[in-house]
Amino acid sequence: MKILHVADTHLGYSAYRKVTEDGINQREVDVYDAFKQFVDYAVKSKPDLIIHAGDLFDSVRPNNRAITFAIKQILRLSKQGISFVLIAGNHEHPKLKETGHIFSIFDHIEHIYPVYNAKYEVVSLTINNEKITIHAVPQSSSKDEFDNNLDKLKSDSSSDYNILVTHGCVKGIKEFSMNEFNELFIPVSYLKTDFDYIALGHYHKYTEVSKNTFYAGSTECLTFTDSGDKKGFIELELTDKKLNHSFITLKNRPMIDTKPIRCFNLSLDEVMKKIKDTVGAVEPEGKIFRIILEDIPSHLYRGIDFSEIRAQSNKAAHYEIKAVIVRDSDSVFSENSRINALSQEFRTFLGNQNIEEKETLLELGMDYIWRVEARDEEE
Ligand SMILES: [Mn+2]
């Protein structure tokens with residue numbers, strides 16, 4: 001039995017300011033393109049089954065373009081008679097039940113099995129005279145509801161194959177967290193060996209969690225943190241209880257997080273030269289990249305010629321500069337009224353708070369600050 005496991009396709013995601021000739025956000029189009037490559041592969045290779053482990057869409061209310069695109073691609077699979085089981089992830093799960101679920105648009109399409117009611121559901125299929133049971137645990141509205149669903153999991157001994165599909169962070173081996181407010185945790189004890197395969201979604205990096213358990217990862221890079229990873233999906237061959245897997249890589253637009261430039265003891269000319277060398281090595285055309293300036297004194301930072309960097313990067317799909325600015329020791333501000341770089345202020349503020357999860361908050365906060373700073377630089 002041939003199965004494709006895909007996850008975290010995030011249709012409807014958009015980012016940065018670059019638009020296509022038709023005026024559509026370039027990143028949004030890139031994300032569609034990655035999914036289309038996957039569907040092209042499926043139509044060509046004709047698997048018996050496709051499992052999507054959640055976050056098909058990037059949001060609870062994807063735009064019309066994302067909905068139309070998803071329907072069109074999924075109809076291509078349906079027309080080929082390929083069974084497609086998809087579960088809801090945290091990104092498309094509505095906070096309020098009355099909002100309704102976007103996955104209901106797939107309810108009446110032949111061979112398509114959307115699971116999105118926050119309940120454990122079983123999809124049993126007979127493919128080539130073999131019975132395969134897919135145990136689907138979609139995103140739930142609370143941790144308790146999710147745990148309850150996981151507690152009910154039971155493999156079906158009358159089936160030739162049992163597959164579990166769910167969306168969340170495996171907990172217990174290593175933390176597979178995306179630092180998102182509504183993410184759910186899957187205790188490692190549920191990842192039992194009586195499932196022939198466990199298809200996971202949520203963590204965006206392709207990972208073999210155990211012999212029978214895999215994160216397929218996302219199909220595109222959505223942050224610079226995953227820019228070094230290969231992106232794609234998993235192809236599985238299940239025969240006589242044996243599992244063979246391979247990772248199929250998609251062709252994505254290059255996204256490059258360049259090596260940080262340590263600026264502390266450099267002159268402005270040296271910093272500018274390092275930046276220009278870094279940009280040159282990236283070969284910006286059509287690419288997305290980030291320059292990181294570490295420990296740059298604020299007077300140096302103010303002296304950077306951003307227009308020169310802009311000119312050198314004008315063919316890039318997007319670029320940004322992340323700077324960790326340190327205050328000048330010869331600051332003209334008096335001791336009392338001195339305001340440090342925003343990142344430093346935030347770090348100090350958090351340090352004085354009596355709260356758990358400081359590290360997570362620090363990381364999230366720094367990321368926002370860097371993003372805002374990067375945006376300021378672009379203008
Ligand atoms: Mn995701």
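In each ligand, atom 1 is the first atom listed, and ligand 1 is the first ligand listed. For reference, positions follow the sequence shown, starting with 1.
Among the backbone and side-chain atoms of D55, an N/O/S atom is found under 2.8 Å from the Mn ion (ligand 1). At a cut-off of 2.8 Å, H91 does not coordinate the Mn ion (ligand 1) through any N, O or S atom. Taking backbone and side-chain atoms together, H10 has an N/O/S atom less than 2.8 Å away from the Mn ion (ligand 1).
Taking the six-membered ring where the residue is Trp, the centroids of F214 and Y197 are separated by under 6.0 Å.
The residues E220 and K231 are annotated as not salt-bridged, no charged nitrogen and carboxylate oxygen being separated by less than 4.0 angstrom. Between D40 and K36 there is a salt bridge, with a side-chain nitrogen of the basic residue lying less than 4.0 Å from a carboxylate oxygen of the acidic one.
Checking H167 against N90 by side-chain atom types alone, a donor-acceptor pair falls below 3.5 Å.
Taking the Mn ion (ligand 1) as reference, the nearest N/O/S atom within D8 carries the name OD1.
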